[in-house]
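Everything on this sheet refers to the single structure shown next.
As a basis for the values below, the full set of heavy atoms in this structure was taken, side chains included, without hydrogen atoms, waters or symmetry mates. We count ligands from 1, going down the list as the structure has it; atoms in each ligand are counted the same way. From a predicted model like this one, the values you see are computed outputs, not experimental measurements.
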Amino acid sequence: MAASARPSVVPQKDLESFQEHLDKSTRILALIGAGLSASSGLPTFRGAGGLWRTHDATQLATPEAFGRDPGLVWQFYSYRRHMALKAKPNPAHYALAELARKKEDFITLSQNVDGLSPRAKHPPDQLKLLHGSLFDVKCSDFFCNYVESNNYTDPIVPALAIPTDESDPTTTSALAARELDISDINVDLPELTFSHLPRCPKCKRGLLRPGVVWFGEQLPAKVMRDIEEWMVGGDKIDLIMVIGTSARVYPAAGYVDAARAKGARVAIVNMDKNDVPASGLYKGDWFFEGDAAQIMPEILK
Ligand SMILES: CC(C)NC(=O)[C@H](Cc1c[nH]c2ccccc12)NC(=O)[C@H](CCCC/N=C(/NCCC(=O)O)S[C@H]1O[C@H](COP(=O)(O)OP(=O)(O)OC[C@H]2O[C@@H](n3cnc4c(N)ncnc43)[C@H](O)[C@@H]2O)[C@@H](O)[C@H]1O)NC(=O)OCc1ccccc1
């Protein structure tokens with residue numbers, strides 16, 4: 001059904017007042033979360049109760065978990081790399097990239113590590129990856145500063161290959177064998193030891209780890225500096241869009257209040273009205289309830 005014929009997913013009145021404000025806005029922020037990539041088929045953090053197999057995803061995303069069981073943590077991240085590589089950016093990713101080309105003083109603060117905004121050709125200097133990327137790796141050894149960007153090797157080492165269902169009689173060849181969903185607890189995961197895991201090519205000592213920001217770790221200093229310069233770079237901020245995020249992780253969630261303190265009006269786009277803290281902080285000027293992949297192209301039209 002042609003876009004124009006598709007029934008509007010947002011109340012007309014809200015759409016008009018929002019677009020009127022957007023048109024006259026110059027300094028704009030967007031804070032995006034996992035909900036933006038949900039329509040691309042990627043599970044959110046809080047989806048499935050926030051669990052990966054039996055593990056709390058936020059617990060796996062810690063240096064402690066990697067210290068305890070690097071094999072399990074690498075299976076978690078290799079699975080997410082695999083899923084993200086299979087996924088495609090959706091219309092919300094493209095709509096934000098388009099707005100960035102139209103409004104030079106618009107920056108997007110992304111909590112997502114899935115690489116979909118970059119793949120939607122979002123202008124890189126207007127996209128701040130707060131929590132790193134699944135496709136960057138770095139040495140986990142404290143004394144080694146090895147970092148490698150854009151490593152799309154999948155699996156990154158053979159031992160992390162997604163197991164397939166050889167026993168499925170319908171499979172004609174190994175190639176066609178159905179991939180097993182290792183986020184499902186009923187699928188056995190091989191025990192991996194140090195020797196199975198990616199080693200740092202520089203110090204040859206440390207294990208490589210995903211180039212993401214784990215809980216308890218500082219956000220990338222350059223990214224924080226760039227954002228700070230942008231925030232103080234103008235006397236006011238006109239608008240912040242809070243898209244597909246539960247806004248519970250800091251310092252990322254703190255940018256909504258910071259923007260509001262600089263006069264920004266707040267537009268929230270979320271599938272679930274009750275999942276964004278209803279505190280005054282987030283009492284949005286606009287709340288567009290639904291799928292970001294449908295709403296963003298419409299409200300940014
Ligand atoms: C849990 C929380 C309370 N804890 C924190 O915030 C902690 C601690 C903390 C710091 N300051 C605080 C202040 C108060 C309280 C706690 C703290 N913060 C940290 O540890 C940060 C680091 C935080 C970053 C952690 N890394 C991630 N990701 C990378 C890894 C990885 O991805 O594996 S966070 C990760 O979780 C968060 C998940 O949130 P969302 O993306 O919003 O996803 P969620 O599933 O929750 O929600 C999805 C939403 O979408 C909606 N939705 C679903 N489908 C759709 C749809 N189709 N359309 C629209 N919407 C949709 C849903 O309704 C829902 O609302 C994201 O930020 C994501 O990046 N580091 C640090 O503070 O360092 C300090 C420091 C200082 C000095 C020296 C050393 C250290």
Side-chain angles (χ1 to χ4, degrees), residues 9-10 30-52 55-66 72-81 83-84 87 90-93 95-96 108-117 128-138 183 209-221 223-224 241-258 267-279 281-282 284 287-299:
V9 288
V10 295
L31 176 67
I32 65 175
L36 189 91
S37 298
S39 286
S40 297
L42 297 183
T44 65
F45 256 74
R46 298 159 63 80
L51 290 180
W52 185 75
H55 307 281
D56 172 343
T58 55
Q59 289 310 316
L60 284 176
T62 63
E64 294 75 25
F66 191 75
L72 175 67
V73 172
W74 257 119
Q75 282 162 330
F76 172 55
Y77 280 100
S78 186
Y79 166 78
R80 293 174 62 192
R81 282 164 58 94
M83 298 297 285
N90 66 52
H93 296 101
L96 288 170
T108 292
L109 310 182
S110 177
Q111 300 170 83
N112 297 342
V113 295
D114 56 31
L116 294 182
S117 289
K128 306 301 176 189
L129 300 178
L130 299 175
H131 298 160
S133 166
L134 289 169
F135 304 104
D136 293 351
V137 292
K138 57 187 181 182
S183 70
R209 55 158 282 181
V212 297
V213 178
W214 280 332
F215 288 94
E217 294 185 326
Q218 274 194 332
L219 275 57
V223 171
M224 297 293 277
M241 298 180 282
V242 183
I243 311 162
T245 181
S246 60
R248 285 183 170 76
V249 169
Y250 287 78
Y255 286 112
V256 180
D257 205 15
I268 298 174
V269 177
N270 196 291
M271 185 64 97
D272 174 355
K273 210 174 189 69
N274 309 314
D275 197 63
V276 178
S279 67
L281 172 60
Y282 290 101
F287 197 111
F288 298 111
E289 187 164 15
D291 177 7
Q294 285 197 308
I295 291 175
M296 294 316 297
E298 176 136 3
I299 67 174

So, is [X] polar-close to ligand 1, with some N/O to N/O distance under 3.5 Å?
| X | answer |
| --- | --- |
| Val269 | no |
| Pro251 | no |
| Ala292 | yes |
| Ala34 | yes |

Can you list the atoms of ligand 1 that are under 4.0 Å from a heavy atom of [X]?
| X | answer |
| --- | --- |
| Ala61 | 33 (O) |
| Thr245 | 40 (P), 42 (O), 49 (C), 50 (O), 65 (O) |
| Asp291 | 56 (C), 57 (N), 58 (N) |
| Gly33 | 41 (O) |
| Tyr77 | 30 (C), 31 (C), 33 (O) |
| Ala38 | 54 (N), 57 (N) |
| Gly290 | 58 (N), 59 (C) |
| Gly244 | 48 (C), 49 (C), 50 (O), 60 (N) |

Min heavy-atom dist Gly216 to ligand 1 below 4.0 Å =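 Yes.
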How long is the gap from [atom1] on [X] to [atom2] on [Y], to the nearest 0.5 Å?
| X | Y | atom1 | atom2 | answer |
| --- | --- | --- | --- | --- |
| Asn270 | Glu289 | CG | CD | 7.5 Å |
| Leu116 | His93 | CG | NE2 | 4.5 Å |
| Leu109 | Met241 | CG | CE | 10.5 Å |
| Met296 | Asn90 | CE | CG | 10.5 Å |
| Leu96 | Ser117 | CG | OG | 7.0 Å |

Decide yes or no for Ser183 and Met83: does some side-chain heavy atom of the first lie under 4.5 Å from some side-chain heavy atom of the second?
->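 No, their side chains stay 4.5 Å or more apart.
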Shortest heavy-atom approach to [atom] - which of [options]:
| atom | options | value |
| --- | --- | --- |
| atom 12 (C) of ligand 1 | Trp214, Phe288, Tyr250, Trp52 | Tyr250 |
| atom 74 (C) of ligand 1 | Met296, Glu217, His131 | Glu217 |
| atom 30 (C) of ligand 1 | Val213, Leu130, Thr62 | Val213 |

Run the salt-bridge test on Lys138 and Glu217 with the 4.0 Å N-O cut-off and return the result as yes or no.
-> no
Would Arg80 count as a cation-pi partner of Trp52, with NZ or CZ less than 6.0 Å from the six-membered ring centre and within 45° of the ring normal?
->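 No, Arg80 does not lie over the aromatic ring of Trp52.
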So, Asp291 versus Ser39: side-chain donor-acceptor pair below 3.5 Å or not?
-> yes
Applying a 4.0 Å heavy-atom criterion (strictly less than), which segment of Val113 is in contact with ligand 1: side chain, backbone, both, or neither?
->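 Only the side chain of Val113 comes within reach of ligand 1.
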Using a 4.0 Å heavy-atom cut-off, say whether Arg80 meets ligand 1 through its side chain, its backbone, both or neither.
->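 The answer is the side chain of Arg80.
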Side-chain donor/acceptor of Asn112 to backbone N/O of Asp114, under 3.5 Å =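 It does not hold such a pair.
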Walk me through it: do Phe215 and Glu64 pass the test side chain to side chain contact (heavy atoms under 4.5 Å, CB included)?
-> CA-CA 10 Å; Phe215 288 94; Glu64 294 75 25; over 6 Å; no
